[in-house]
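The chains referred to below are lettered A, B, ... by the order of the sequence lines, with proteins before strands, and numbering in each begins at 1.
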2 protein chains.
Amino acid sequence: MELPEAKQKFIEAWGKLGSEWGINRTMAQVHALLLVTSDALTTEDIMENLSISRGNANMTLRDLMSWGLVEKQHKAGERKEYFFADKNTWNIARQVAKERRKRELEPIMKILDELVKVKGDTKHPEYATFNKSVTDINKMAKNVDRTLDTMLKAEESWFWGSIFKMFK
Amino acid sequence: MELPEAKQKFIEAWGKLGSEWGINRTMAQVHALLLVTSDALTTEDIMENLSISRGNANMTLRDLMSWGLVEKQHKAGERKEYFFADKNTWNIARQVAKERRKRELEPIMKILDELVKVKGDTKHPEYATFNKSVTDINKMAKNVDRTLDTMLKAEESWFWGSIFKMFK
DNA sequence: TTAAACTTTCAATATATATTGAAAGTTTTT
DNA sequence: AAAAACTTTCAATATATATTGAAAGTTTAA
């Protein structure tokens, strides 16, 4: 397989994976393109490479920046904006974990905390079932939250090292 | 807050979380409904409770069964099918992890394995960048895969216990 | 064997999400 | 101050995804 084809394959696969995980396919593809490109790219470059419109490229890039995955670069003597992605995979994973925690985990934890407080007759199966499910999910959410916290503070090698000690 | 309202809140929140993670909102809501209901429910019950059509209820239930999250129950002397969800949160998490690994992680790992093999001139920045990103992502995918494997074999208390030892 | 009770299918339709592109906005240069 | 070079916005539109509901299929009971 030649490099251009391989890049294309990667962009497609990354886009597909993204869309399966609730991330806009185009956003994942722009990210993928920047991951496999050594130079920073202009909006123009990205539009051309992925055959998308200016508006789409612009919004997607801003979105990627809000996720902390892409940054602007300015080249001396040029007005155009260039974009590049952090290529450190561990940083990417942490950044995604951080954002999803903030955007999705925190809100649901807030709701679960409310629901756990709901009082009722423990003898009543409907209440008991509700309470058990909500309480258990809340506990798991808190476990996930603590684990993410560890991950966010950790160095990659230490993190996976600790995980793999679990095998022994 | 009263139980019916609390149930409703839970169903909505679970549905929203699901849709953010690439899981059909209705599917997540049916799952949520079954999680907070002590009795097994009929298709009819679910249609009514969530105001969805028969076709939708039927397909969603089959989908949930294919994820291993819901099972059929037959009551003696009745023809109707009843559905109930496993309420063990750890089982749910493992089941979801197992399915997503099979459906999403495995396919992309296969592609990454191909892409890592692509040969090129290491001195060429375009190739070097591609190769580094793909290689690193491949390694991370393998780490995630091993971790999921551990999780799938593990007991809940052991798993979280091991995770939390990481804090020390 | 036919009717009733139930489940499944899937083309049509509705809804949600993503994309376009041209106009408006901004900054720099002349 | 006007033009040029660029970025942003957003209503209109296209696409993808989810849902409906009625017909077809299946199983059990009369």
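With both pairing distances under 3.5 Å, dA22(C) is matched to dT9(D) as a Watson-Crick or G-U wobble pair.
The shortest non-hydrogen separation linking Val118(B) to Tyr127(B) is O-OH, 2.8 Å.
Between Lys80(A) atom NZ and dT28(C) atom C1' there is a gap of 15 Å when expressed in whole angstrom units. If you take NE2 of His74(B) and C1' of dT26(D), they are 13 Å apart, rounded to a whole angstrom. Spacing between atom CD of Glu20(A) and atom C1' of dT17(C) amounts to 17 Å, rounded to whole angstrom units. Straight-line distance from the CE atom of Met65(A) to the C1' atom of dT8(D): 11 Å, rounded to whole Å. Counting to the nearest Å, the P atom of dC6(D) and the CD atom of Glu78(A) are 8 Å from each other. Computed from coordinates, the Lys72(A) NZ to dC6(D) C1' distance equals 11 Å when rounded to whole Å.
Put simply, Phe159(A) and Leu152(A) are part of two different groups of oily side chains (I, L, V, M, F, W, Y) that touch within less than 4.5 Å, one to the next.
Contact check of residues 24-62 of chain B against DNA chain D (heavy atom, cut-off under 4.0 Å) returns Asn24(B), Thr26(B), Ser51(B), Ile52(B), Ser53(B), Gly55(B), Asn56(B).
Side-chain contact check for Lys165(A) versus Lys165(B): every heavy-atom pair is 4.5 Å or farther apart.
The CG atom of Leu17(A) sits 10.5 Å away from the CZ atom of Arg25(A) when rounded to the nearest 0.5 Å.
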Where do N or O atoms of nucleotides 27-30 of chain D meet protein N or O atoms at under 3.5 Å, pair by pair?
residue, atom, partner, partner atom, Å
dT27(D), O2, Arg79(B), NH2, 2.8

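Geometrically, Arg146(A) does not engage Trp160(B) in a cation-pi contact defined by less than 6.0 Å to the ring centre and at most 45° from the axis.
Side chain of Lys75(A) to backbone of Gln73(A): no donor-acceptor contact under 3.5 angstrom is found.
Residues Lys117(B) and Asp113(B) are not paired through a salt bridge, judged by the lack of any N-O separation under 4.0 Å between the basic side chain and the carboxylate. Salt-bridge check for Glu126(A) with Lys7(B): passed, with a basic side-chain N closer than 4.0 Å to an acidic carboxylate O.
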